[in-house]
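These notes concern the structure reproduced below.
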Amino acid sequence: MFQYTHRRDVRPVIPTGDFGAFRECRQPTALLLARLGFMNYPPDDSEPLVDTLCQGYGTAELGGVARVGALKIGCMVVQVIRAPDVPEGYRTAPFEALPSIRPLWPPEESIEWPLTAAIPHELITALALPEGLDVSTVPA
């Protein structure tokens with residue numbers, strides 16, 4: 001979706017090569033994380049029902065650009081994080097699960113919906129476009 005809704009310089013949340021790997025392995029690469037969040041929807045309908053945001057972050061440790069993208073549909077938020085390419089045998093280190101945001105990929109456990117806590121709608125931009133992004137890798 002980001003390939004069609006964003007400027008060319010921020011489109012590669014998921015690099016082209018990952019699509020071929022997905023077709024071959026039937027799952028995302030080890031460099032991709034996805035998280036599912038639950039957002040409080042404002043009572044005055046001031047938030048758009050559907051929104052996408054995308055941003056790149058330079059990473060000193062990994063020597064490349066990590067990308068984060070977020071898709072919001074109503075109260076559901078999906079955040080996709082892609083580390084820069086690293087040597088084979090490594091994967092993106094997972095982020096801590098929170099009551100308002102749970103790991104979606106790679107799967108850890110089933111997710112009860114709605115989540116037990118909600119992200120305040122005022123913080124959705126901080127999730128989609130954080131001031132910094134601490135992306136690291138660990139051995140696979």
Side-chain angles (χ1 to χ4, degrees):
M1 185 177 300
F2 292 111
Q3 311 295 60
Y4 300 104
T5 59
H6 290 77
R7 299 183 324 266
R8 186 174 306 276
D9 61 326
V10 296
R11 286 182 186 174
V13 173
I14 302 173
T16 305
D18 285 12
F19 291 107
F22 182 81
R23 186 173 41 254
E24 184 178 313
C25 300
R26 303 285 188 231
Q27 65 183 28
T29 71
L31 298 176
L32 188 121
L33 293 177
R35 303 192 301 170
L36 177 68
F38 178 62
M39 184 189 90
N40 271 341
Y41 203 75
D44 63 358
D45 289 333
S46 60
E47 289 285 325
L49 185 59
V50 177
D51 200 4
T52 60
L53 298 164
C54 175
Q55 183 67 44
Y57 297 86
T59 59
E61 176 194 341
L62 302 177
V65 176
R67 300 266 179 203
V68 62
L71 167 65
K72 178 179 72 70
I73 302 175
C75 294
M76 180 188 77
V77 179
V78 176
Q79 181 188 50
V80 176
I81 300 162
R82 172 55 161 80
D85 291 331
V86 295
E88 193 171 324
Y90 285 84
R91 65 182 176 85
T92 304
F95 291 91
E96 178 184 355
L98 302 170
S100 59
I101 190 161
R102 308 290 301 165
L104 187 61
W105 183 262
E108 291 183 359
E109 57 188 40
S110 62
I111 300 171
E112 300 272 333
W113 189 263
L115 299 177
T116 58
I119 303 163
H121 67 89
E122 299 89 354
L123 299 180
I124 189 63
T125 300
L127 178 68
L129 303 174
E131 289 183 21
L133 185 64
D134 185 20
V135 175
S136 60
T137 58
V138 296

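Note: hydrogens, waters and symmetry copies are ignored here, and every other heavy atom, side chains too, is used. Predicted model, so just to flag it, every value in this text is computed and none were measured.
- Sorted by first and then second residue, the ring-ring contact (aromatic ring centres under 6.0 Å, His included) pairs involving residues 79-108 (not counting sequence neighbours) form an empty list.
- Considering all non-hydrogen atoms of both residues, Glu96 and Arg35 come closest at O-NH1, 4.0 Å.
- Between Met76 atom CE and Phe38 atom CZ the span is 12.0 Å, to the nearest 0.5 Å.
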Run the side chain to side chain contact (heavy atoms under 4.5 Å, CB included) test on Thr29 and Arg91 for me, step by step, so that the C-alpha distance in whole Å, both residues' side-chain angles and the decisive distance to 0.1 Å come before the verdict. CA-CA 8 Å; Thr29 71; Arg91 65 182 176 85; over 6 Å; no
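- Expressed to the nearest 0.5 Å, how far CG of Asp85 lies from CG of Asp18 amounts to 7.0 Å.
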Is there a side chain to side chain contact (heavy atoms under 4.5 Å, CB included) between Ile81 and Gln79 once you walk through the steps? CA-CA 7 Å; Ile81 300 162; Gln79 181 188 50; 3.6 Å; yes
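- Formation of a donor-acceptor pair under 3.5 Å by the Arg102 side chain with backbone atoms of Pro99 is not found in this model.
- Hydrophobic clustering of Ile, Leu, Val, Met, Phe, Trp and Tyr side chains at less than 4.5 Å, counting indirect connections, unites Ile111 with Ile101.
- Summarising the geometry of Val78 relative to Leu36, their closest heavy-atom pair is CG2-CD1, 4.1 Å, with the distance given to 0.1 Å.
- In this view, Pro106 and Leu33 satisfy the side chain to side chain contact (heavy atoms under 4.5 Å, CB included) rule, not counting sequence neighbours.
- One finds the CG atom of Leu98 at 10.0 Å from the OG1 atom of Thr116 (value rounded to the nearest 0.5 Å).
- Nearest heavy-atom pair across Ala83 and Val135 is CB-CG1, 3.7 Å.
- Residue Pro94 comes nearest to Glu108 through the heavy atom pair CB-OE2, 4.4 Å, listed as atom of the first residue, atom of the second, then distance.
- Across all non-hydrogen atoms, the minimal contact from Leu115 to Ser100 is CD1-O, 3.3 Å.
- Checked options Val68, Leu32, Leu104; the residue passing with Val80 is Leu32 (criterion: side chain to side chain contact (heavy atoms under 4.5 Å, CB included)).
- The two residues Pro103 and Ala97 make their nearest non-hydrogen contact at CD-CB, 3.7 Å.
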